[in-house]
Colleague: 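Before we start, here is the structure in question, set down as structure tokens.
If you read the sequence from its start, that first residue is 1, and numbering goes on from there.
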Amino acid sequence: MASTLYDYCRVPMGDICKKDGDKRCKLLLGIGILVLLITVILGVPLIIFTIKANSEACRDGLRAVMECRNVTHLLQQELTEAQKGFQDTEAQVTTCNQTVMALMASLDAEKAQGQKKVEELEGEITILNHKLQDASAEVERLRRENQVLSVRIADKKYSASSQDSSSAAAPQLLILLLGLSALL
């Protein structure tokens, strides 16, 4: 039958030491001292570390670290909000620039239409000025003819003895005056 870990030694310890001699006892004693020494070597720094970790300065440092984390978190939030506001502002600037460009294009189109209209009106004014000059020349010509006819009529009144000839000139003069008034 194989031995198990939970089996206990049936031989008293004193007998083992006597049986195998001092070698085995020294080995066990050395292992025990070594384990105790390792425990002390590892335990002392652990205790010192625990004491230092729970010291006031360490707690202040931990508080400072937590405070810095909180401040950093708040600053990151504010930076995120500022970046979002900046992006929103950039979007508004882009929209405004597009609106300005559209308005400038519309203004240019309106200017072109206005210039075209001005050119059309200048053409019409030129035509009307020519017509006015022609009408003025015609009025001047008719005025001269009227003066010539008036002079002839006056000469005929004095030279002619009959009223037939003077009554025939009156309707011509009337027609001439009506023609002048129609041109004006």
Side-chain angles (χ1 to χ4, degrees), residues 1-137 139 183-184:
M1 182 168 194
S3 68
T4 58
L5 291 175
Y6 58 85
D7 285 342
Y8 61 91
C9 186
R10 295 187 179 153
V11 179
M13 288 301 282
D15 291 342
I16 292 175
C17 286
K18 287 180 188 173
K19 188 176 182 184
D20 288 335
D22 280 341
K23 266 182 164 181
R24 201 170 198 184
C25 283
K26 285 181 183 178
L27 183 64
L28 286 173
L29 184 62
I31 291 174
I33 290 173
L34 186 64
V35 168
L36 181 65
L37 188 62
I38 290 173
T39 305
V40 168
I41 288 173
L42 292 176
V44 168
L46 183 64
I47 290 170
I48 292 171
F49 175 75
T50 304
I51 290 170
K52 285 186 178 181
N54 289 326
S55 71
E56 188 66 30
C58 187
R59 278 188 247 134
D60 289 344
L62 185 61
R63 267 189 241 115
V65 167
M66 293 304 288
E67 208 173 293
C68 284
R69 283 184 186 162
N70 288 340
V71 169
T72 302
H73 181 70
L74 289 174
L75 288 174
Q76 284 176 340
Q77 284 179 339
E78 288 178 4
L79 178 63
T80 303
E81 289 173 7
Q83 287 174 338
K84 185 179 181 294
F86 180 71
Q87 289 171 348
D88 291 344
T89 303
E90 277 184 332
Q92 289 176 350
V93 166
T94 302
T95 303
C96 288
N97 285 340
Q98 290 172 349
T99 303
V100 166
M101 295 303 286
L103 288 174
M104 288 179 76
S106 176
L107 179 63
D108 289 342
E110 287 292 324
K111 280 182 182 178
Q113 278 184 337
Q115 185 65 29
K116 185 179 177 184
K117 189 70 174 174
V118 165
E119 289 171 1
E120 287 176 7
L121 291 174
E122 285 176 347
E124 287 181 24
I125 288 171
T126 303
I127 291 170
L128 291 174
N129 280 336
H130 286 302
K131 285 183 180 180
L132 179 62
Q133 287 174 356
D134 292 343
S136 294
V139 165
L183 287 174
L184 295 176

Colleague: How far does CD of Gln83 sit from CD of Glu90, to the nearest 0.5 angstrom?
Modeller: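 It comes to 10.5 Å.
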Colleague: Tell me, do His73 and Gln77 make a side-chain contact under 4.5 Å, heavy atoms counted?
Modeller: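 Yes; the side chains approach each other to less than 4.5 Å.
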Colleague: For the pair Asp60 and Arg63, find out whether any cationic side-chain nitrogen is under 4.0 Å from an anionic carboxylate oxygen.
Modeller: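 Salt bridge between Asp60 and Arg63, a charged N being under 4.0 Å from a carboxylate O: yes.
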Colleague: Consider side-chain contact (heavy atoms from CB on, under 4.5 Å). Of Leu37, Val35, Ile41, which one does Thr39 pass it with?
Modeller: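 The side-chain contact (heavy atoms from CB on, under 4.5 Å) with Thr39 is passed solely by Val35 among Leu37, Val35, Ile41.
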Colleague: Could you go through Lys84 and Thr80, starting from their C-alpha distance and side-chain angles, then the distance that decides it, and tell me whether this counts as side chain to side chain contact (heavy atoms under 4.5 Å, CB included)?
Modeller: CA-CA 6 Å; Lys84 185 179 181 294; Thr80 303; 5.7 Å; no
Colleague: With salt bridge (Lys or Arg N to Asp or Glu O under 4.0 Å) as the test, would you mind laying out the steps for Glu119 and Lys116 before giving the verdict?
Modeller: CA-CA 5 Å; Glu119 289 171 1; Lys116 185 179 177 184; over 6 Å; no
Colleague: Measuring from atom CD1 of Ile125 to atom NE2 of His130, what distance do you get when rounded to the nearest 0.5 angstrom?
Modeller: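 So the CD1 of Ile125 and the NE2 of His130 are separated by 12.0 Å.
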Colleague: Roughly how far apart are Leu34 CG and Leu27 CG, rounded to 0.5 Å?
Modeller: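 If I round to the nearest 0.5 Å, the distance is 10.5 Å.
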Colleague: To the nearest 0.5 Å, what is the distance between CD1 (Ile38) and CD1 (Ile33)?
Modeller: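 Here the interatomic distance stands at 12.5 Å.
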Colleague: Can you tell me how far the CD atom of Gln76 sits from the CD atom of Glu81, to the nearest 0.5 Å?
Modeller: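 So the gap between those two atoms works out to 12.5 Å.
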Colleague: Is the number of heavy atoms from other residues, nucleotides or ligands within 6.0 Å of CD (Glu67) greater than 12?
Modeller: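 Atom CD in Glu67 is not packed in, count stays at 12 or less.
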Colleague: In Å and rounded to the nearest 0.5 Å, what is the CG to OG1 distance from Leu121 to Thr126?
Modeller: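 Atom-to-atom, Leu121:CG and Thr126:OG1 are 10.5 Å apart.
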